[in-house]
Amino acid sequence: MGDFGSNGSSSSMSILMYPWLAFGHMTAFLHLSNKLAEKGHKILFLLPKKALNQVKPLNLYPNLITFHTISIPQVKGLPPGAETNSDVPFFLTHLLAVAMNQTRPEVETILCTNKPDLVFYDSADWIPEIAKPVGAKTVCFNTVSAASIALTLVPAAERDIIDGKEMLAEELAKPPLGYPSSKVVLLAHEAKTLSFVWRRHEGIGSFFDGKVTAMRNCDAIAIRTCRETEGKFCDYIGSQYSKPVYLTGPVLPVDEPNKTSLEPRWADWLAKFKPGSVVFCAFGSQPVVDKIDQFQELCLGLEATGLPFLVALKPPSGVSTVEEALPEGFQERVRGRGVVYGGWVQQPLVLDHPSVGCFVSHCGFGSMWESLMSDCQMVLVPQHGEQILNARLMAEEMEVAVEVERGDNGWFSRRSLEDAVKSVMSEGSEVGENVRKNHEKWRCVLSDSGFADGYISKFEQNLIDLVKS
Ligand SMILES: O=c1ccn([C@@H]2O[C@H](COP(=O)(O)OP(=O)(O)O[C@H]3OC[C@@H](O)[C@H](O)[C@H]3O)[C@@H](O)[C@H]2O)c(=O)[nH]1
Ligand SMILES: [O-]c1cc(O)cc2[o+]c(-c3ccc(O)cc3)c(O[C@@H]3O[C@H](CO)[C@@H](O)[C@H](O)[C@H]3O)cc12
């Protein structure tokens, strides 16, 4: 680890990063590490062994960013060998948090050995307790939208749970006092997906308790967002916690001159189609479409658009490959114009391909930024609370995307998917023109050369001041 860890002795800071064990989070922490390494700061990045191969290629500064693998203990109830939440069904996520808590002694040893100036974390709410004694300042870095934190993870959102009784959907949907938006909210049936937030688990309490502790005990809260899109939510969070909220801006990887190129199998396949004609669909790094019927509605909706499409999705629950989940006769019908792939594709590069004109996304926060920076039309199929809020931000506040309609049972149909895609892709569609125009405006603001750099420079200054304080 060389001379990592100066505890403020030079202008270059040493920073330890320990993100939540999920690719969406690790990727965002690594993008931020790249930005800080670009300014000469040293990073020690903790992550589980199995994640290393996927995350390592994103490291643009191997001389300044060092990976240190952490052993994730086997916790009863978790699938054997589980290390990230890609390995764990959603309802068992709390057990992964239990496993992460058990890494505390190992992290404490690393801290004592390295004595960094700063520690960045999001889920490991005990970090401040072990960082303070070694003189490190702590930053709780949130990779999700400020809106989703403001709605559920502030002290005013505390709920009384009586004897483990599940809360009613109406109760879950109620925004906390002073919440600054009437558009970025959830309908009652959507709010049911928030019940995990306040549910208590033996030994670790609730997700709410963990996040509020993480933000109460840090020296500063950081959020991967910008004032232009989420200023009022950031101010609300700052006032709820009475502490500084530093914004990093979008933190997207820059176009490197020698960056890796899109895998030839996708580049060649996409090149067969007209510019802007292909619909790309991906739902992030976690298995999200649980139900085989919804998976099939998605496929059939894309088929019905008549457009070429590339889908990169994990198989739904109950099957081990996407092929097993496809509707009958589907592959034969769409051969030559539609592909459903169960593996990982290079999403930012696919979005950048000239043939791709529409992105059907689950609206994870990483995907939201990537799609905003692209010139694709955007169709949103959010699955969980946080993604639904991101979708509301994009569709209702920014008016840059169209959200697929769902019935009262929360399900979408092939028809609603087809309609949403056609509404943004058909020539002369008023809705399509409106979102294209608004998206273009935002893309210009966000991709202005000084925009992201301005955020990172200000963020770096915030950190320097914090370390000196
Ligand atoms: O096939 C794929 C799928 C995904 N990806 C990448 O994986 C990342 C996925 O991140 P997202 O934030 O969109 O979505 P995830 O569902 O994985 O993340 C989850 O945790 C982090 C939160 O900020 C998200 O809101 C939450 O949904 C994106 O950067 C995307 O480009 C690929 O490169 N290829
Ligand atoms: O679904 C969510 C709804 C909501 O209003 C807020 C959140 O916040 C977070 C979050 C995560 C990390 C932070 O530092 C702050 C907030 C959510 O994170 C997701 O939680 C899932 C369940 O534990 C987890 O599987 C996923 O990896 C996280 O991204 C969700 C909501």
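When a ligand or atom number is given, it counts from 1 through the structure's own listing order.
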Looking just at side-chain N and O atoms, do [X] and [Y] make a donor-acceptor pair shorter than 3.5 Å?
X	Y	result
S33	Y61	no
S206	K211	no
S374	S371	no

Using a plain distance cutoff, I'd like to know if T143 has any nitrogen or oxygen under 3.5 Å from a nitrogen or oxygen of ligand 2.
no
So, regarding W20 and ligand 2 (criterion: nitrogen or oxygen to nitrogen or oxygen, under 3.5 Å), is there a contact or not?
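Checking ligand 2 against W20, an N or O pair does fall under 3.5 Å apart.
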For [X], atoms of ligand 1 separated by under 4.0 Å from a heavy atom:
X	answer
F365	12 (O), 23 (O), 24 (C), 25 (O)
P348	31 (O)
V345	1 (O), 2 (C), 32 (C), 33 (O), 34 (N)
H25	20 (O), 21 (C)

Considering only heavy atoms, does [X] approach ligand 2 within less than 4.0 Å through its side chain, its backbone, both, or neither?
X	answer
Q387	neither
L153	side chain
H384	neither
A22	side chain

How many angstroms lie between atom CG of L96 and atom CH2 of W20, to the nearest 0.5 angstrom?
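So the CG of L96 and the CH2 of W20 are separated by 4.0 Å.
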Pick one of side chain, backbone, both or neither for how [X] approaches ligand 1, counting any non-hydrogen atom pair under 4.0 Å.
X	result
A282	neither
M368	neither
H384	neither

Find all atoms of ligand 2 within a distance of less than 4.0 Å from any non-hydrogen atom belonging to N85, and give their numbers and elements.
24 (C), 25 (O), 26 (C), 27 (O)
[X] to ligand 2, any heavy atom closer than 4.0 Å:
X	result
K211	yes
H94	no
L151	no

Quick check on [X] - does any of its heavy atoms sit under 4.0 Å from an atom of ligand 1?
X	result
F23	no
H362	yes
A22	no

Nearest non-hydrogen contact with atom 17 (C) of ligand 2 belongs to which option: F365, F196, F207?
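Minimum heavy-atom distance to atom 17 (C) of ligand 2 goes to F207.
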When you check the gap from the basic side-chain N to the acidic O, do K291 and E297 get nearer than 4.0 Å?
no
Do E190 and R406 meet the salt-bridge criterion of a basic N to acidic O distance under 4.0 Å?
no
